[in-house]
Amino acid sequence: MKINKILGAMLLLGAMLPLAGAQAQTLRLKCMSWNVKALELKDNTNVTREITRFVDAIRQENPDIVCFNEFETASGLMSSKEKLTEFARELGMFPFFIWSYDKDNGYYGNGILSKYPIVNSKSVLLGMYTGEDQRSVGWADILVPTDANPDGVKVRVICTHLDAFGGDETCFEQAKEVIADAVVPATQAGIPSVLMGDMNCGPSTEAIKEYQKYGTKLCNNDTTFSGGSKLDYFLSFPAGEWSCTDFKVLKTGDYPNLSDHFPIIGTAVLK
């Protein structure tokens, strides 16, 4: 299957990349999350799905982790190009694509980029409930070297995009699946984790409250959608194990032109 070739190409690319970054005494991960609207640009003018402006915007922030939502790859609209591999090659990162469904002879879902080696990865389809669009959650376990642990501390990076069409009920049920499939197993195995993505619900909804039963919300409530809503989140698990003091929503420069969502970014510090 073509998706196996995509994953194989990503693994090959990852094996060719140098290990990232200098070691540090404290484990810090600068994480970015961005719903990129299938690379269309906010005004839908990017007919070639050129990635240069997105790459430049990401490189400007120099994150350790990037999570993408509404990511399309290898489809006709993408000229059959493996877009996550393109991003990984340009940014010198390790990629993992999270499949939600087939689209136009290609694939649609989410993506993770990491400066650090990915040692384990998996994706799971979420239940539809009252929603209309198939959604997924995926995670990549990475090794982050520190002075105390030069071989690397294992951290789980989780990326998801909850359904916009099923209302708060669907988001709540899907959030519970994210916790059961990705968060709880990591916590039980002693693996700290971070979760990013477009949750399609506000800060006071049951879905976000459910996440906070198990972890810590590292983001503020500033709007992340051009329509004026807070939809994109940065969370960490277990509760109280991580902190973040530099979280921000990127609304200046070229960012407002690139998608209908603003990227979010912050440095998660493991206590």
Euclidean distance, Met32 CE relative to Ile65 CD1, rounded to 0.5 Å | 12.0 Å
Give a yes or no on whether Leu125 and Val178 share a hydrophobic cluster (residues Ile, Leu, Val, Met, Phe, Trp, Tyr; joining criterion: side-chain heavy atoms under 4.5 Å apart).
-> no
Quick one: are Glu177 and Val137 in side-chain contact, heavy atoms under 4.5 Å?
-> no
Side-chain H-bond candidate by donor/acceptor type, Asp198 with Asn69, under 3.5 Å = no
Go through the structure and list residues passing salt bridge (Lys or Arg N to Asp or Glu O under 4.0 Å) with Asp222, not counting sequence neighbours.
-> none
Please list, chain by chain and in numerical order, all residues satisfying side-chain hydrogen bond (donor to acceptor under 3.5 Å, both in side chains) with Ser100, sequence neighbours excluded.
-> Ser136
Salt bridge (Lys or Arg N to Asp or Glu O under 4.0 Å) partners for Lys154, two or more places apart = none
Okay, side chain of Lys83, backbone of Ala38: is any donor-acceptor separation there less than 3.5 Å?
-> no
Hits for side-chain hydrogen bond (donor to acceptor under 3.5 Å, both in side chains) against Thr223, two or more places apart or cross-chain, chain-then-number order -> Lys251
With hydrophobic residues grouped by side-chain heavy-atom distances under 4.5 Å, do Tyr214 and Leu195 end up in a single group?
-> yes
Between the main-chain N or O of Cys201 and the side-chain N or O of Tyr233, is there a donor-acceptor pair closer than 3.5 Å?
-> yes
Which of these passes ring-ring contact (aromatic ring centres under 6.0 Å, His included) with Trp34: Phe262, Phe54, Phe234, Phe68?
-> Phe54
Option among Leu91, Ile265, Leu113, Ile51 that satisfies the side chain to side chain contact (heavy atoms under 4.5 Å, CB included) test with Ile58 | Leu91
From Leu84 atom CG to Phe96 atom CZ, the distance as rounded to the nearest 0.5 Å = 10.0 Å
Please answer: with hydrophobic residues joined when any side-chain heavy atoms are less than 4.5 Å apart, are Phe97 and Met93 in the same cluster?
-> yes
Hey, does the side chain of Asp141 reach the backbone of Asn120 with a donor-acceptor pair shorter than 3.5 angstrom?
-> no
Under 4.5 Å between any side-chain heavy atoms of Trp139 and Val124, yes or no?
-> yes
When rounded to the nearest 0.5 Å, the distance separating OG1 of Thr146 from CZ of Arg28 is 12.0 Å
Output yes when a side-chain donor or acceptor of Thr205 lies under 3.5 Å from a complementary backbone atom of Asp168, and no otherwise.
-> no
For Gln134 and Leu126, the nearest pair of non-hydrogen atoms, with its separation, is NE2-O, 2.8 Å
Same cluster or not: are Val157 and Leu218 linked, directly or through other Ile, Leu, Val, Met, Phe, Trp or Tyr residues, by side-chain heavy atoms under 4.5 angstrom apart?
-> yes
What salt bridge (charged side-chain N to carboxylate O under 4.0 Å, His left out) pairs are there with at least one residue in residues 253-262, not counting sequence neighbours?
-> Arg53-Asp254
Return the minimal non-hydrogen interatomic distance between Lys103 and Tyr108, and the atom names on each side.
-> CD-CD1, 4.0 Å
Would you please name every residue forming a salt bridge (Lys or Arg N to Asp or Glu O under 4.0 Å) with Asp56, sequence neighbours left out?
-> Arg59
Do Leu39 and Met78 touch side chain to side chain, with heavy atoms closer than 4.5 Å?
-> yes
Let me see the working for Lys37 and Asn44 under side chain to side chain donor-acceptor pair (under 3.5 Å), right down to the final yes or no.
-> CA-CA 9 Å; Lys37 195 172 173 278; Asn44 304 317; 2.4 Å; yes
Considering all heavy atoms of both residues, which atom of Leu235 and which atom of Tyr211 are nearest to each other, and what is their separation?
-> CD2-CB, 3.7 Å
Where the side chain of Gln174 meets the backbone of Gly127, is there a donor-acceptor pair that is under 3.5 Å apart?
-> yes
Distance-only, no hydrogens or angles: does the Ser33 side chain make a donor-acceptor pair with backbone N or O of Met196 under 3.5 Å?
-> no
Side chain to side chain contact (heavy atoms under 4.5 Å, CB included) against Thr45, all qualifying residues, sequence neighbours excluded = Leu41, Asp43
Side-chain cluster (under 4.5 Å, hydrophobic types only) that Val47 belongs to, other residues | none
Please round to the nearest 0.5 Å and tell me the distance separating atom OG of Ser80 and atom CG of Asp104.
-> 8.0 Å
For the residue pair Tyr255 and Ala57, what are the closest heavy atoms and their distance?
-> OH-O, 2.7 Å
Of all the heavy-atom pairs spanning Tyr116 and Leu143, show the shortest one and how long it is.
-> CB-O, 3.3 Å
Within a strict 4.5 Å, meaning less than it, do heavy atoms of the Thr160 and Met199 side chains meet?
-> yes
Non-hydrogen side-chain atoms of Asn257 and Lys42 separated by less than 4.5 Å = no
Could you please spell out the steps behind the side chain to side chain contact (heavy atoms under 4.5 Å, CB included) verdict for Glu40 and Arg49?
-> CA-CA 6 Å; Glu40 296 170 344; Arg49 301 306 194 267; 3.5 Å; yes
Side-chain donor/acceptor of Tyr129 to backbone N/O of Glu169, under 3.5 Å = no
Pairs under 3.5 angstrom only: tabulate donor-acceptor contacts from the side chains of residues 243-250 to other protein residues two or more places apart or in another chain.
residue : atom : partner : partner atom : Å
Asp246  : OD1  : Thr267  : N            : 2.7
Asp246  : OD2  : Thr267  : OG1          : 2.8

ILVMFWY cluster, Val55 and Val36 together (side-chain gap under 4.5 Å) | yes
So CG of Asn105 and CG of Leu77: to nearest 0.5 Å the spacing works out to 10.5 Å
Between Ser259 and His261, is there a donor-acceptor pair closer than 3.5 Å when you use the side chain of the first and the backbone of the second?
-> yes
Under 3.5 Å, sequence neighbours excluded: what are the donor-acceptor pairs made by side chains of residues 179-194?
residue : atom : partner : partner atom : Å
Thr187  : OG1  : Val183  : O            : 3.2

Which atom names give the shortest non-hydrogen contact between Pro203 and Lys230, and what distance separates them?
-> CG-CG, 3.7 Å
Would you say Val155 and Trp242 make side-chain contact, with heavy atoms under 4.5 Å?
-> yes
Do Ile112 and Phe71 have side-chain heavy atoms sitting under 4.5 Å apart?
-> no
Salt bridge (charged side-chain N to carboxylate O under 4.0 Å, His left out) contacts in which one or both residues fall within residues 200-221, not counting sequence neighbours = Glu206-Lys209, Glu210-Lys213
Are the side chain of Thr216 and the backbone N or O of Ser236 linked by a donor-acceptor pair below 3.5 Å?
-> no
Does atom NZ of Lys81 have more than 12 heavy-atom neighbours, drawn from other residues, nucleotides or ligands, at distances under 6.0 Å?
-> no
Out of curiosity, Thr224 OG1 to Asp232 CG, how far, rounded to the nearest 0.5 Å?
-> 3.5 Å
Sequence neighbours left out, what passes side-chain hydrogen bond (donor to acceptor under 3.5 Å, both in side chains) with Lys176? Give chain and number order.
-> Glu173
For the pair Asn110 (side chain) and Cys67 (backbone), establish whether a donor and an acceptor sit closer than 3.5 Å, ignoring hydrogens and angles.
-> no
